[in-house]
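Have a look at the structure below before the remarks.
Along the sequence shown, residues carry numbers from 1. The structure presented is a predicted model; accordingly, all values stated were derived computationally and were not measured.
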Amino acid sequence: MREFDKISIQEMSKDDMLLIIEALEYTGSNTKINEFLSLKDSIVEELSSLAEIDEKDFLEYLRK
């Protein structure tokens, strides 16, 4: 098995990415484990930066 430190998400669908983001939000909110919310925020921040749009607009884009 090959080892890797990073994973590319370029082949991931918008629906799958939104599901991951919403799952992290749900889990973090319901378990009170802040690491889930921090990870969600980091993912949204990074992807919205790459897309060169506001985080709120990025989430709206995923929901379309």
Side-chain angles (χ1 to χ4, degrees):
M1 181 174 96
R2 293 178 16 188
E3 293 185 25
F4 51 89
D5 292 329
K6 295 186 177 191
I7 299 171
S8 172
I9 59 166
Q10 104 189 50
E11 298 298 321
M12 186 176 291
S13 73
K14 286 176 21 177
D15 291 339
D16 289 346
M17 180 52 63
L18 181 59
L19 182 64
I20 290 169
I21 290 168
E22 289 177 340
L24 289 168
E25 176 76 30
Y26 177 86
T27 304
S29 296
N30 288 290
T31 64
K32 306 299 185 221
I33 299 173
N34 288 330
E35 286 79 6
F36 289 107
L37 297 172
S38 294
L39 179 56
K40 184 229 23 145
D41 291 342
S42 294
I43 290 171
V44 171
E45 180 182 342
E46 185 68 28
L47 292 175
S48 65
S49 174
L50 289 171
E52 298 179 344
I53 60 174
D54 182 80
E55 291 177 21
K56 181 181 175 184
D57 293 335
F58 178 75
L59 290 173
E60 288 177 20
Y61 165 75
L62 289 179
R63 290 184 178 109
K64 290 182 183 178

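Taking OG1 of T27 as the start and CD of E35 as the end, the distance is 12.5 Å to the nearest 0.5 Å. Rounding to the nearest 0.5 Å gives a distance of 11.0 Å between NZ of K40 and CD of E45. The OG atom of S42 sits 11.0 Å away from atom CG of L37, with the distance rounded to the nearest 0.5 Å.
Residues passing the side chain to side chain donor-acceptor pair (under 3.5 Å) test with D41: none are found, sequence neighbours excluded.
Clustering ILVMFWY residues whenever any of their side-chain heavy atoms sit less than 4.5 angstrom apart, transitively, puts L39 in the very cluster that holds I33. Taking hydrophobic clusters as Ile, Leu, Val, Met, Phe, Trp and Tyr residues chained together by side-chain heavy-atom distances below 4.5 Å, M12 shares a cluster with V44.
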Please list, one pair per line, the donor and acceptor atoms closer than 3.5 Å that link side chains of residues 53-64 to other protein atoms, with sequence neighbours excluded.
from, atom 1, to, atom 2, distance (Å)
D54, OD2, K56, N, 2.9

Pair E25-I21, side chain to side chain contact (heavy atoms under 4.5 Å, CB included): steps then yes or no: CA-CA 6 Å; E25 176 76 30; I21 290 168; 5.7 Å; no
